[in-house]
Each structure stands twice: as structure tokens, then as C-alpha cells.
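Each chain gets a letter, A, B and so on, in the order the sequences are listed, and its residues count up from 1.
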There are 2 protein chains.
Amino acid sequence: MAISPPRPKSFALTALRAFEASARLGGFSAAAQELGVTPGAISAQIKSLEAELGAPLFQRSAKGVVLTPLGAQSLPGFGQAFDQLGLAVQQMRDAAAPRVVHIATLPAIAQFWLSPRLPQLRAEMPGTEISITALEQPPNLKRTSYDLCLFFAETEGTILAEDVIFPVCSPALAEQLTTPMDLLNLPCLYDTSWEEDWEHWLTQAALPHHIAPRGPVYSLYALAVEEALNGAGVLIGHEALLTPYLAGGQLVAPFGQKAILPKALRLWSMAGRHADSASQEVARWLKTKRQTPPRQG
Amino acid sequence: MAISPPRPKSFALTALRAFEASARLGGFSAAAQELGVTPGAISAQIKSLEAELGAPLFQRSAKGVVLTPLGAQSLPGFGQAFDQLGLAVQQMRDAAAPRVVHIATLPAIAQFWLSPRLPQLRAEMPGTEISITALEQPPNLKRTSYDLCLFFAETEGTILAEDVIFPVCSPALAEQLTTPMDLLNLPCLYDTSWEEDWEHWLTQAALPHHIAPRGPVYSLYALAVEEALNGAGVLIGHEALLTPYLAGGQLVAPFGQKAILPKALRLWSMAGRHADSASQEVARWLKTKRQTPPRQG
DNA sequence: GATTTAGACTCACTTTTTCTGACCTTAGAT
DNA sequence: ATCTAAGGTCAGAAAAAGTGAGTCTAAATC
């Protein structure tokens, strides 16, 4: 009958969130990614939760984790609770700053697709503040505070443009190219997050795979584009992103073959937003005003 | 179009909890009490939340805080979310340790009412682990992980015993007492958390208030009882707690007058528990087995 | 059968968050 | 006028959370 320590603390909220994410996503690494921490942090959180609880929530193996019956049984309740919490946060933010729209997108999309359209968007929607966050992966809208997601994806939301890819290079370099076989003698640029682009293109163009030797790798698409503009090699380009350069002639497509990737440029928001919210207005604008903006600079 | 910092962090869960508690309870101090921290901590949490949000949630004044429209509008959502979270935790704990019952109660009740009954309870419910936490205030069952609350309260739950109070003292001391007026010459013991007991008794016994001068104060009822047993003075006693001593003759009631306080000894649990849960079994046992246990020691 | 790979764990260390404790301020109540 | 209750502030302390490098294991691949 011990008199308790001063603080009758409930469970650690962070640990509960770590559990929910891990259970929902089926692994600590995935949860770590969603929550923006390292897997080790998740591992520690779960461990402390299990210790406090006195029972394991996951069964560990070298291949990953599997929920125990206890964990599986607990997941739905926490899922709902955190959904509701996220919704409450969303609504609070909306009420506090109704004219602010947070867009999450790929760095490359932000720079090459969204940025050129922003001036006109801002001009047509004065009073609406648009902030853009570049992320490598689409965030979970239920758990983060972004209003819109703009990524290459297969199913979610609505398509803004198909992802058409084909080699591009500077006009000077293009003069040296007549057939795809000429690629063998040139650097083939690509971005790390789109490693399979060359392969996809070669496949869809029915060309042998070996003709695109690995060239310089860039961790940022912008860098690769810059190099292509400088004539440093042939880049496997995404049409949607490079339209201004192609229209302006700074980049040209030396070959006719094009490939369409299964993941199109898509825009989505959280289900259940008011149609008259600022975010939905922005979404509508982005969906309709699809004309190529003028090349800037 | 800044590329965001590495962590697309959502809101701090702790701050949201602080907001919810403050809004629900109508003040930072009350929230601090429920969450087991100092008011300063709550103040800081709310401040950081408001800063992140860019809008105030409370309107401050020297007298207290009032929700802004934004805060008032946000409260229900968070209330539901944290209710659901608490429920999920509760269910998880139940599933993890179905035979463990946590009881929250006053230190005095724990020692003088519950403790004497525990041996028999444990004997009749083997396999059920009962843990007791002594708190000065009844915790919010929706937000903490206790199964049962046992406190003096006016409305909640079911009555286990009325709170009948009257002066008690050692038999030796009682011989010197014939009328309440004799109290003027003796120390009148009382516990800090029951400061008004003497007054209540005097009122209900229709006696002048001045005859119970303030005597030694104890921060723990157990200490006051100990002193009374030692003959150090007259204690304003709670019948429910002192039954064993009265039955055993270690303490006697020198006067006939008794008073009944509006707050009875009551037991309650969170709504919606399964009737076959261990906590409900324990609750049933406590409600039915009301006979006075033998004085121990 | 050897190698790679993905996922998780450990541990020492660092960073960040959270909390306290002492003191100040304010407005209504005594 | 003084008291009291409720907040605010701030420096420093304590606790929590997170990192990063290295290890382990089992399945998948070569």
C-alpha cells in the first residue's frame, strides 16, 4: 500500500503516438519516417511503453515486427483517437489562420512546377498566404498539418499531368545526337530519387538497356537540370517539370521516344475539407490553370 | 519558397493536452493540478501553442483566463480526442493486465478504511492484484489510469457510508469531559484537509463556534489520530474511518452530538466498464462487504 | 553456400523539451 | 488598504527524446 510518487502520470503521449504509427505502418522504420525521427527513437519509445504496460505490443524478428494480439487489439482505438486529434488540430489551425495554405511537395516539383505558377496564383488570390514545404515523401495528411499534397503518385487525388519522361539536353549537345545509340558516348544524368527513369524510358522505347551507362548522380533534380543546361550531358527529363525550358529552347529533346510513368503528378487534400476553404480554392486553381507559365529569369 | 527544416513536426502533444485541460477546467492552475505539474509549466505550454498557432486561445486577466472564440471553438474536438485516447489507453491496460485494479483514494481512507479490508478482499479474490494510490484530490478517470476512485464526494458514484463526524479522544481523556464546553480547555486536533470539520460539527450540534479553539494541525490524518490515541487532545473524527478504534475502545466519543457532512464516502469508476472486469468485481465487493473489519494490530 | 539487405537493437552522448522555484503583477474581495 | 487567487516571467535544473555508429539476424539474391 505504497503512497504514490508525486506525479500520477498517465502514459507518455509520444510513446503512444510511436505505437500507433508503428502498428499502422507495420514497422518501426516506417513509423520513424512518418514521425521524422530515427528508428532507434521509435524502438526506445515502444520499449518504454511495453515496460510500463508490462506486456509486449510487438513480436520482434530480424525481418521486422509483428503486432501481438494485445497490440492488434489496441490499434483501432489509438488510430481513431489520433485521427480525431489530428482533425481537431486541423480545425483549430483553420480557424486561427483561415487564409493560410500549406503545400507539401517534392523539391523538384516545388522548384520547376509550382514556383513558376506562384506569382500568378498569388496575384489572383491576394490575402491568401501560400507556404510550401519540400519533402521527399508525401506526408500523412491525417497526422501532419499540411493542407495539400502535390506528388507523383499512382492513385491518390486528381491528376494534374501525366509523368512523361524522355532524354533532354542543351541544343548544342543535341546536334551531336542522332540515335539513342549515341548515348553510349555521353554522360547520362539522373537524380537519385528517380534512379529507374532511364531504365523505364529504355524499356518503353524498346531499346537495349545497356546504352544508358550510369552517369553523374545528383541528389537534387535542380542540380541535374543545371548541368543539362550547361551541356554537361543528357538528362532523363520529366516533361511536366521542364516545360518552360523546352518551350524556351534552353533544352531540347534529341529523340522522339517518350515514356509515361505509372505515377502521375497528382494533387490531393484531406477528405472532408470545406469546399470554400482557402486550401480548396488553391487546389481548384492548380487543377484548372494548367497552361504553361512563361519561362522566368 | 524555403525548403523546410528536416522535421515537419506537427503540434506538440503535451501542449495540446495542456490546452484541453485548461479549457475544460477553466484555468491554468486547475489544469496544472490535473496534469501534476506547476501552473508555470501550463502557462508556458499554452504560450508556445499560441505562438505556433499565431493566435491567442485564452484571454488573460488577473482573475483568471477566459477562452477566446477560437479556443472555445476548438475545445470540443480536443475533448473528444483526448477522451478517446484515454479510453484506448484504458482498454489497452485492461487487456494487458486484466487482473490488476488501481484504486485512487485519500491517504486517510487508504489507511483507515481500505487497508483494514484489504486482507479479506485479497483472500476472496486471489489472482487479482490491487494497488492503491493516495491522492489529495479525486483524479479524472478519463485522463488517468486508475480503475476506481474512493473519496468523500457529493454526487459521484455510489455511497459506501455517510460521513458522520464527532469529537473523539482516548478513554482517559474522556473522563475529564462532560459537556462540549470542556473543549475550551483542551487541544482540538484536526487535519489540514478537513479544516472546517469542527465548525461543521459545532453548527450542526447547535453549539457556539468559539468553543473549539484551533489546536494542533496535522497534514496527515493518521498523525492526528495517533495523537488522539496518545491522549494529546480531542480529534474531530470521521466515523467511517475510525470504526475499528471505536469498536475496540481505543477511542471514545465523549459527547452524543453527531454531524453528517454533505460529502459521503463514495466509490466510482469510469462509465462503460465491463461488468465482469476485475475492477467491477472489486467495486461490488467493497459496496457489499460493509461490515466493520476487526481492529488489526 | 556466400553475399547482400532490411529491419531492429544497443549504448554512449547530445540536444531539446519540460519543469521547477522564486519572485512579480493584477483585480476583485475583505 | 490589505489580502488573496490566478497568471506571468526567468534562470537554472532535470528529464526526456533523439542521434549515430556499430551489431545482429533472417530472408532474399547471387
Enquirer: B:R24: what forms a salt bridge (charged side-chain N to carboxylate O under 4.0 Å, His left out) with it, not counting sequence neighbours?
Expert: B:E20, B:E34

Enquirer: At under 4.0 Å, does any side-chain N or O of A:T38 touch on OP1 or OP2 of D:dT19?
Expert: yes

Enquirer: According to the ring pair (Phe, Tyr, Trp, His ring centres under 6.0 Å) rule, which pairs have a member within residues 62-94 of chain B, sequence neighbours left out?
Expert: B:F19-B:F78

Enquirer: To the nearest 0.5 Å, tell me how far B:I130 CD1 sits from B:L148 CG.
Expert: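 So the gap between those two atoms works out to 9.0 Å.
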
Enquirer: If I take atom CZ in residue A:F58 and atom P in nucleotide C:dG7, what distance separates them, rounded to the nearest angstrom?
Expert: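 Interatomic distance, CZ of A:F58 to P of C:dG7: 14 Å.
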
Enquirer: I want to check one thing: is the phosphate of C:dC19, taken as OP1 and OP2, less than 4.0 Å away from some side-chain N or O of B:Q45?
Expert: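 Yes, such a contact exists.
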
Enquirer: Determine which pairs satisfy salt bridge (charged side-chain N to carboxylate O under 4.0 Å, His left out) with at least one residue from residues 144-154 of chain A, sequence neighbours left out, and list them in order.
Expert: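 Output for this query lists A:D147-A:R273.
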
Enquirer: I'd like to check the side chain to side chain contact (heavy atoms under 4.5 Å, CB included) partners of A:K47; sequence neighbours left out, ordered by chain and number.
Expert: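 With neighbours one apart ignored, the set is empty.
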
Enquirer: For the pair made of CZ in B:R17 and C1' in D:dA16, what is the distance, rounded to whole Å?
Expert: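 Atom CZ in B:R17 sits about 13 Å away from atom C1' in D:dA16.
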
Enquirer: Taking CD1 from B:I46 and P from C:dT18, how many angstroms apart are they, rounded to a whole number?
Expert: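 Checked: the CD1 to P distance equals 12 Å.
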
Enquirer: Applying salt bridge (charged side-chain N to carboxylate O under 4.0 Å, His left out), can you list everything that pairs with A:D191, at least two apart in sequence or on another chain?
Expert: none

Enquirer: One character per nucleotide, please: for nucleotides 3-10 of chain D, 5' to 3', B when the base has a protein heavy atom closer than 4.0 Å, S when only the sugar-phosphate does, - otherwise.
Expert: ---BSSS-

